[in-house]
Amino acid sequence: MRSKMHLPCITLLLLFATCVYTEEVSTDAPSNAAEEPILRVRSLPTTTNVIEKNWTSLSEMLDIFSARNLVKNWIEGKYPVGVQCGKDITTYIDALKNEEMWALKVDDASGRFTNGYFWGNSYFTGSATECDYIGKTPSHHTYSKKHVEDSKVTTFEKNHEFHTESHKKINMGFSGANSWSETDFVETPFQLGFYMLKLSINVSYTPTKLIHLGVCLPFSCTASDVAVIGKLAANEFAAKHSTIEKVRDQHNLYDMYTDPVFWVLSGVSVVVLILMILGTGYDYYLTKQAARKRNVIYDLEKHGKLDRLTNGDRKVINAVQGEVYLPVPVADSNSNGVQSINNNNSHENGLQTSTKEEQLSIFEELLLSFSVTANVKIICDRNVGRDTISTVHGLRAISMAWVILGHTCIIVFKYSDNMEYRKVVEKRFLFQTITNGAFSVDTFFFMGGLLVSFLYFRTNAKGDLKRLTQGTRGFAAGTLKFIGLLLYRFCRLTTPYMFVLGLVEVSMKHFHTNSVFEPPTADHYNCPNYWWRNLLYINTWFPVEQMCMLWSWYLADDTQFYIVGGVILVLATNHFKIAACALVSLLVSSWVTTGYIALVNNHMPSLDDPLALFDKIYDKPWTRLGPYLIGMTVGYFLFKTDCKVKMSKTTVVVGWLLSSACLLSLLYGLYEAELTPVTAAAYSSLSHSAWALGLAWIVIACSTGYGGYVNKILSWPLLYPFSRVTYCSYLVHPLVIRLTAMNLDSPFHLGKDIMMITFLGQLVLSYVLSFVVSIAFEAPVVSMLKIVSPKKRKRIQ
């Protein structure tokens, strides 16, 4: 009875709960429980719907190119595009609606917003490589992909009555992965092209930003057509807040085979290659011939036959200290017109015979200048001459690696999809090493002035300064010597310089029309028009926008400093005090000029980009002259003291402490520092010269025997080859960095590991190419200049 009474109560409770639950969920809830969650979302209050309607997500804001928008907005014949382009776009849209594979691939190859817009991602590049592969037969491209189990025939293939072939499976060996080589291809009804659009996005909450968008579209469309299509492919918000500034198409591709510069470079390369082969072969022949003659001498001595070789009809071979001499017979009445040879002396005494050296002709010497083996031996020689400061080799090699590191960071930062990460790493203490990388160039300026002064005095005065101060005759001799050195420098530097400049011009023309990225500078335009400024080393006198090979500013400044320094050195031969006053005046005027420019432009070294005011401060000779003049002073000091200075232990310790403090404070002293305008101007004015002063102590201490372990490192013979090709490595390394970036299909992604790997790769490849350029151009020119000089080098065989 009791259970029967509870049953109606339980039933009423269940009905009540069901009613309450239904009311809480929705008064219009359907009977289909499977659709209940969706209907709950759709039945939100009216106010919520209004909020949804007004809110636009970031992905919608940056929907600057979408196939869905293009399909929705496109009407053939309505928009100002080419006839064939319009037909191809219509075909493409119909294929998208039918989900045909080739159209889906075209859409997939086009760029779109993914993520990281506020983290510095401005490259929506898509994939130019994928666009290029679409519709290409296996004879054009062969690539692999993972096996897709259900390979279906597309609607387009059915309509055109052709089918794909089966896939071939490739065994990947021990990896255990299976790869499938696609021997079939998806045919497209028209040729495709890849277009790069530059758009400016202007919204209220962020500054105007440039977006680089890559799209895959019919090749029949021109740049103006793509600009129209780009507007149609953007949603309403993006179309309203974006402007297409430029479109790069593939219709006017650069053809290097029609460029005379390419053929000049090819001709020069072929000629140099032939000369290198001939010179190396001839050097090998002479070496073998000399070795054979030395072996004959050894064999004759071994068998005791050397004393019996007195017949004048035969040539007697004399090997003195490894050099081969061919004696010329001298007439003698006692031996039928041929002088007998006295062989009483032993071989250890040098076989003193009446001989005449057989010299090579000028042509043979010039040919041997291109010998690869000889030039490699010169570059890799572990010895340094008496007139060379060995410490300079280490400074060169380290500074060159520093320069390559800085330039690698500049390019990688420019072509990255997370550029804001740079602001994070720039706040780290050790990153100041890269931020202040401009001091590496001051090291080269300092060494340039040091060697010019030291070698000039030592070469002309031979250790005695009075030989340079003997009136007009000495002054005239010094002037002629300087002119000769200037011509020597011009020939030595210009030959590899102009060759690399040609390579830069051709490569940048190619990448301007083929790369998804724009070249970092306008070398494709500037080099054909302004190359003569580089030839005359005056390109820093003109705006940076017109400069070819931006990094060549150092060569121009250093050459101009060389001329100024040469004038001071020639003047010092007869009027030393006047020359010293001129040097000090130039130094002070450089400081004042730099400080004034920095103050007027409110330049803040602690906050501004390291290359800020490049056209006003960074590359101008009158602002970078200080380290060169200080180097000249140090060179004269080392000459005057003959690298022999006695210093107490206290002086040495204090000198090293001050030098280290100076250099480290310049590298890391601006970390989180706040400078006033006057202090900032003073820093900009004096910092480069202060860096040279810090280096001055290192060179003086190492050259006079107080360098310790520092001197052992900087004078390490392993660094000599890298130091000797520093000039060529400076020329080619930016080209190597650019080639790496311009060949990318997508931007870099910044990170300390990828940066380190990229830098090490650029360093190795730059030096490999610099060895090639040095052996092919720089070393032969240096040898030929020595041969044709008044004091011609003699090569004895």
Side-chain angles (χ1 to χ4, degrees), residues 383-396 442-470 474-475 477-478 481-482 485 561-562 564-584 586-587 626-660 662-663 689-715 723:
N383 300 315
V384 293
R386 176 180 176 272
D387 294 334
T388 302
I389 301 174
S390 59
T391 309
V392 170
H393 288 292
L395 290 175
R396 275 185 189 152
D442 292 317
T443 304
F444 285 115
F445 285 141
F446 168 78
M447 291 187 295
L450 167 71
L451 294 178
V452 165
S453 177
F454 181 77
L455 296 180
Y456 179 83
F457 284 120
R458 175 161 286 189
T459 302
N460 289 273
K462 302 297 182 183
D464 183 10
L465 187 60
K466 293 181 179 179
R467 295 186 59 177
L468 284 177
T469 57
Q470 295 176 354
F475 180 80
K481 180 68 175 178
F482 168 69
L485 291 176
F561 297 162
Y562 184 85
V564 172
V567 172
I568 294 176
L569 292 175
V570 172
L571 185 63
T573 59
N574 214 28
H575 306 283
F576 183 81
K577 293 183 179 180
I578 296 177
C581 292
L583 187 146
V584 173
L586 287 173
L587 183 62
Y628 197 91
L629 297 178
I630 293 175
M632 289 181 60
T633 305
V634 174
Y636 172 75
F637 174 80
L638 292 177
F639 158 76
K640 191 67 175 176
T641 60
D642 197 22
C643 296
K644 296 176 182 178
V645 179
K646 292 184 178 181
M647 291 184 286
S648 64
K649 189 174 182 179
T650 303
T651 303
V652 173
V653 172
V654 172
W656 278 109
L657 289 176
L658 291 177
S659 174
S660 300
C662 177
L663 298 177
S689 298
W691 179 266
L693 288 175
L695 294 177
W697 169 259
I698 295 177
V699 173
I700 293 174
C702 292
S703 301
T704 55
Y706 300 96
Y709 288 105
V710 175
N711 184 48
K712 290 182 179 179
I713 295 174
L714 297 179
S715 301
S723 171

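Looking only at side-chain heavy atoms (C-beta outward), Leu658 and Trp697 stay at 4.5 Å or farther from each other. Within the 4.5 Å cutoff, the side chain of Ile389 has no heavy atoms near those of the Met447 side chain. Between Ile568 and Leu586, the closest side-chain pair of non-hydrogen atoms falls below 4.5 Å. Here the side chains of Ser453 and Leu569 are in contact, with some heavy-atom distance below 4.5 Å. Counting only heavy atoms from C-beta outward, the side chains of Ile630 and Phe445 never approach each other to under 4.5 Å. Side-chain atoms of Val570 and Tyr456, non-hydrogen and from C-beta on, do get closer than 4.5 Å to each other.
The CG atom of Leu571 lies 6.0 Å from the CD1 atom of Ile578; values are rounded to the nearest 0.5 Å. Put simply, CG on Leu695 and OG on Ser659 are 7.0 Å apart, with the number rounded to the nearest 0.5 Å. Atom CG of Leu583 is separated from atom CG of Leu629 by 4.5 Å, given to the nearest 0.5 angstrom. The distance from atom OH of Tyr706 to atom OG1 of Thr651, rounded to the nearest 0.5 Å, is 9.0 Å. The OG atom of Ser703 sits 11.0 Å away from the CD1 atom of Ile698 when rounded to the nearest 0.5 Å. Here the straight-line distance linking atom CZ of Phe639 with atom CG of Leu455 works out to 11.5 Å at 0.5 Å rounding.
In terms of heavy-atom proximity, Pro627 sits nearest to Ala692 at CA-CB, 3.7 Å. The two residues Cys662 and Ala690 come nearest to each other via the heavy atoms SG-O, 3.3 Å. Scanning all heavy atoms of the two residues, the minimum distance from Leu451 to Arg396 falls at CD1-NH2, 3.2 Å. Gly635 approaches Phe454 most closely through the heavy-atom pair O-CD1, 3.6 Å. Considering all non-hydrogen atoms of both residues, Ser689 and Leu587 come closest at OG-CD1, 4.2 Å. Taking both residues in full, the closest heavy atoms of Leu663 and Gly694 are given as CD2-CA, 3.9 Å, listed atom of the first, atom of the second, then distance.
A cation-pi contact, defined as under 6.0 Å to the ring centre and within 45° of the axis, is absent between Lys640 and Phe637.
Results of the side-chain contact (heavy atoms from CB on, under 4.5 Å) test with Tyr628 over Val564, Val452, Asp442 single out Val452 as the only residue that passes. Considering Leu450, Val699, Leu714 in turn, Leu450 is the only one that fulfils the side-chain contact (heavy atoms from CB on, under 4.5 Å) rule with Val392.
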